[in-house]
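These numbers come from a predicted model, not from an experiment.
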Amino acid sequence: MAAPRARGCGLSGLLPAQTSLEYALLDAVTQQEKDSLVYQYVQKVDSWEQDLSVPDFPEGLEWLNTEEPMSVYKDLCGKVVVLDFFTYCCINCLHLLPDLHALEHTYSDKDGLLVVGVHSAKFPNEKVLDNIKSAVLRYNITHPVVNDADASLWQELEVSCWPTLVILGPRGNMLFSLIGEGHKDKLFLYTSIALKYYKDRGQIRDNKIGIKLYKDSLPPSPLLFPGKVTIDHVTSRLVIADTGHHRILVVWKNGQIQYSIGGKIDLEAEKVSTVAGIGIQGTDKEGGAKGEQQPISSPWDVVFGSSGPEVQRDDILWIAMAGTHQIWALLLDSGKLPKKNELKKGTCLRFAGSGNEENRNNAYPHKAGFAQPSGLSLASEDPWSCLFVADSESSTVRTVSLKDGAVKHLVGGERDPMNLFAFGDVDGVGINAKLQHPLGVTWDKKRNLLYVADSYNHKIKVVDPKTKNCTTLAGTGDTNDVISSSFTESTFNEPGGLCIGENGRLLYVADTNNHQIKVMDLETKMTSVLPIITSENAVVDGPFPAEKQRTLPKLPKSAPSIGLSPMTACPGQTLQFKLRLELPSGAKLTDGAPSCWFLSADGNEWLLQGQIPSGDIENISNQPTISLQIPGDCLSLEAVVSISVFLYYCSADSSACMMKAILFSQPLQITDTEQGCMAPVELRYVF
């Protein structure tokens with residue numbers, strides 16, 4: 001139906017009536033009184049001579065989780081609609097998602113309710129549909145989402161902050177708005193009464209909405225949106241936050257999984273326990289309770305440290321408390337923090353940050369302001385003696401002194417503490433350098449350098465804290481997953497965490513949206529992918545993600561066979577093979593046909609134990625890189641690995657479709673001599 005004549009579409013039109021309602025609700029005692037007040041309010045707003053109507057979604061916008069674009073006045077007519085104005089970087093928007101999930105679980109589209117996410121980007125990177133797709137998958141958003149990249153609806157409604165909810169009646173008429181997080185009770189009250197009111201009048205339709213979940217098209221993957229990575233320097237094991245699979249992986253440095261678990265982990269006792277938090281998001285900005293009794297809010301990174309130079313072991317767990325924009329501390333032993341009295345073991349409390357979302361530096365730690373601190377690293381030695389903080393929403397890197405708690409600027413942002421929009425991609429010194437939503441930092445003690453995951457610029461940057469000089473170390477800024485032999489040609493997609501290993505030689509990067517751990521060799525300046533290998537001996541808490549099982553087809557007699565030059569490799573080394581196959585001019589892969597690759601090693605099957613033996617080829621212009629990890633225990637010093645490729649494609653005019661295959665044979669010579677990082681072997685052929 002056509003949109004009715006509006007009396008003005010700004011949210012300010014709701015303000016007088018809704019403010020009166022909320023004051024009245026403060027005095028209501030029983031649920032019946034509250035329900036009655038809201039019912040009377042909806043009746044009043046519904047009787048206005050002219051609706052306060054929302055503008056329809058502009059044509060041409062990109063949609064996710066729907067079969068086709070939606071219209072407020074056609075597809076959503078007869079529904080109570082909750083518009084969620086959000087941006088996926090915003091911690092407050094993420095805190096709202098459980099409330100929306102609970103609401104959708106209570107009321108379906110058949111009941112007359114629909115939630116629509118209106119993505120209104122803060123950062124340029126967030127305007128890109130592929131990045132929004134990743135966020136929809138990462139946060140399990142199952143309702144329709146529209147990419148309002150130019151924020152046209154945001155501006156027409158005069159929305160002022162993230163998140164903002166706007167509740168519509170069945171005519172597209174605005175009923176309520178809720179600003180910020182923490183309004184679950186009001187959200188349920190307002191929507192339930194709106195549904196009841198319009199059902200009483202026969203205006204609710206129970207038709208199904210065409211939902212098509214984007215996540216259903218996602219292929220299985222050993223990792224899914226890994227957010228952070230760290231290293232156990234004693235055993236050289238990597239610990240990966242496999243965020244999308246809701247698990248922690250402990251893997252050997254060759255990528256073989258040892259544990260798949262969750263929670264706080266004692267690897268020696270094989271025990272999981274909680275050290276801080278009660279399992280419910282808290283709003284406390286002071287703390288002081290024992291860890292397991294202290295509510296906390298979205299801890300996004302942790303790092304071990306000591307309370308002073310005289311302490312010889314780690315006695316504090318520092319916490320980046322993104323949800324309250326603060327840095328907290330959990331005391332692992334009795335001790336003191338700067339400007340604090342003696343504290344008992346187990347105490348969990350604020351160390352720095354007022355709780356206001358700001359880019360404010362101050363000599364007094366409680367007067368400083370952070371904006372969603374998301375990454376921590378420790379430099380306990382003099383002259384640094386500080387925590388480095390990736391402060392994502394201010395696009396800065398800051399320091400917190402371990403001696404007096406003073407918070408200082410290192411790189412990025414600008415001087416105005418209230419300006420959280422001073423982002424960019426600029427190498428430079430101090431405030432002249434620009435970052436875009438950095439999520440991770442790690443300290444290189446060997447070189448006295450800080451590495452930064454400049455997440456929304458898709459780059460790894462390096463900072464000299466002495467000179468405050470910030471430069472790009474790796475990443476072109478392109479998000480395509482192209483494996484390259486050099487830092488300058490390597491690519492990342494919203495890298496979220498990083499750590500130093502192998503005595504300062506290797507930098508491990510959680511390449512979040514590429515679902516990989518990248519390995520950067522700081523000496524050879526080469527980048528590779530860490531293969532994640534399942535093992536029969538892995539200790540698993542819950543199932544591994546299902547992976548497709550295939551049988552190697554028989555190669556056609558006409559398939560060419562190409563012998564590659566022998567390669568020398570050592571146990572534990574990762575070899576990579578990059579497919580570079582060319583189809584006839586104009587030809588394209590056949591949609592739905594299983595173009596794929598296989599690894600085999602006749603007579604030396606031990607080479608492939610725990611490896612990923614096959615995979616799909618979905619795009620001829622972005623062909624996969626195949627990884628092979630040489631096992632630690634080699635049963636032979638010579639072997640041949642075969643890579644079989646099967647391509648299904650159609651000619652340019654689609655008059656003929658065919659299958660072509662090819663076999664590449666790679667002789668291997670195994671040696672105990674470490675070979676270092678090697679460039680991928682390019683497997684080229686023109687059909």
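Aromatic ring centres of F487 and Y451 lie farther apart than the 6.0 Å criterion allows. Separation of the F423 and F123 ring centroids falls under the 6.0 Å cut-off.
In plain terms, the two heavy atoms of A121 and T87 that are nearest each other are CA-OG1, 3.6 Å. Closest of all the heavy-atom pairs between S297 and T324 is CB-CG2, 3.9 Å. The two residues G405 and P338 come nearest to each other via the heavy atoms N-CB, 4.0 Å. Nearest heavy-atom pair, D391 versus E358, reported as atom, atom and distance to 0.1 Å: OD2-O, 4.2 Å. Taking every heavy atom of both residues into account, A371 and S394 meet most closely at CB-N, 3.8 Å. The two residues G346 and L330 make their nearest non-hydrogen contact at O-CD1, 3.5 Å.
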Starting from the C-alpha separation in whole Å, work towards a yes-or-no answer on side-chain contact (heavy atoms from CB on, under 4.5 Å) for F304 and I316. CA-CA 6 Å; F304 284 112; I316 291 178; over 6 Å; no
Can I240 and V251 be said to form a side-chain contact (heavy atoms from CB on, under 4.5 Å), step by step? CA-CA 8 Å; I240 303 166; V251 305; 4.1 Å; yes
Check step by step if side-chain hydrogen bond (donor to acceptor under 3.5 Å, both in side chains) holds for H95 and S298. CA-CA 8 Å; H95 288 165; S298 295; 2.5 Å; yes
Passes side-chain hydrogen bond (donor to acceptor under 3.5 Å, both in side chains), Q576 versus T625? Steps please. CA-CA 6 Å; Q576 294 182 321; T625 296; over 6 Å; no
Go through the steps for N131 and S134 under the test side-chain hydrogen bond (donor to acceptor under 3.5 Å, both in side chains), then give the verdict. CA-CA 5 Å; N131 298 336; S134 294; 5.4 Å; no
Step-by-step salt bridge (charged side-chain N to carboxylate O under 4.0 Å, His left out) determination, K459 to D454: CA-CA 5 Å; K459 294 180 178 181; D454 191 5; over 6 Å; no
Salt bridge (charged side-chain N to carboxylate O under 4.0 Å, His left out) between D521 and R505: does it pass, once the steps are laid out? CA-CA 6 Å; D521 191 318; R505 176 175 177 175; 3.0 Å; yes
Given salt bridge (charged side-chain N to carboxylate O under 4.0 Å, His left out), test D232 with R237 step by step and report yes or no. CA-CA 5 Å; D232 175 3; R237 290 177 295 184; 3.3 Å; yes
Would you check, one step at a time, whether the test salt bridge (charged side-chain N to carboxylate O under 4.0 Å, His left out) holds for K336 with E342? CA-CA 5 Å; K336 293 181 67 174; E342 188 76 16; 5.7 Å; no
Verdict with supporting geometry, N359 and R415, side-chain hydrogen bond (donor to acceptor under 3.5 Å, both in side chains): CA-CA 8 Å; N359 176 23; R415 290 183 175 84; over 6 Å; no
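Going from atom CD of Q293 over to atom OG1 of T347 covers 10.5 Å, rounded to the nearest 0.5 Å. Atoms CG and CD, from N356 and Q326 in turn, are 9.0 Å apart once rounded to the nearest 0.5 Å. A distance of 5.5 Å separates NZ in K122 from SG in C89, rounded to the nearest 0.5 Å. Within the model, atoms CG of L249 and CD1 of I261 stand 8.5 Å from one another, a figure rounded to the nearest 0.5 Å. Once rounded to the nearest 0.5 Å, the distance linking NZ of K445 with CG of L378 reads 9.5 Å. Distance CD1/I500 to OG1/T442: 5.5 Å, rounded to 0.5 Å.
Looking only at side-chain heavy atoms (C-beta outward), C499 and V239 stay at 4.5 Å or farther from each other. Counting heavy atoms from C-beta outward, L410 and V463 have side chains that approach closer than 4.5 Å. Contact check for Y88 versus C93: no side-chain heavy atoms found under the 4.5 Å cut-off. A heavy-atom distance below 4.5 Å is not found between the side chains of K461 and T471. Side chains of H325 and I91 form a contact here, defined as non-hydrogen atoms less than 4.5 Å apart. For the pair F388 and L376, the minimum side-chain heavy-atom distance is 4.5 Å or more. Using a 4.5 Å cut-off on side-chain heavy atoms (C-beta onward), K466 and W384 make contact. Annotation: side chain of L387 is in contact with side chain of I327 (closest heavy-atom distance under 4.5 Å).
Environment of NZ in K253: sparse, with no more than 12 heavy atoms of neighbouring residues, nucleotides or ligands closer than 6.0 Å. Residue K446 qualifies as enclosed at atom NZ: its count of foreign heavy atoms under 6.0 Å is above 12.
Among the candidates F351, W328, W300, the single residue satisfying the side chain to side chain contact (heavy atoms under 4.5 Å, CB included) test with M321 is W328. Screening T512, I460, N457, L439 for a side chain to side chain contact (heavy atoms under 4.5 Å, CB included) involving P495 leaves a single residue, I460. For the side chain to side chain contact (heavy atoms under 4.5 Å, CB included) test with V411, the passing option among V452, L435, T396 is L435; the others fail.
Cation-pi contact between R398 and F370: present, with separation from the ring centre below 6.0 Å and deviation from the ring axis of at most 45°.
Here D242 does not pair with K228 in a salt bridge; the nearest charged N to carboxylate O distance is not below 4.0 Å.
The backbone N or O of Q516 lies less than 3.5 Å from no partner atom in the side chain of N514, so there is not a single donor-acceptor pair. A donor-acceptor pair under 3.5 Å links the side-chain atoms of D284 to the main chain of G287, judged by distance alone. Between the side chain of E414 and the main chain of D416, a donor-acceptor pair closer than 3.5 Å is present.
Checking R350 against H366 by side-chain atom types alone, a donor-acceptor pair falls below 3.5 Å. With no hydrogens or angles considered, no side-chain donor-acceptor pair links Q629 and Q256 at under 3.5 Å. Between the side chains of E393 and H437, at least one donor N or O lies within less than 3.5 Å of an accepting N or O.
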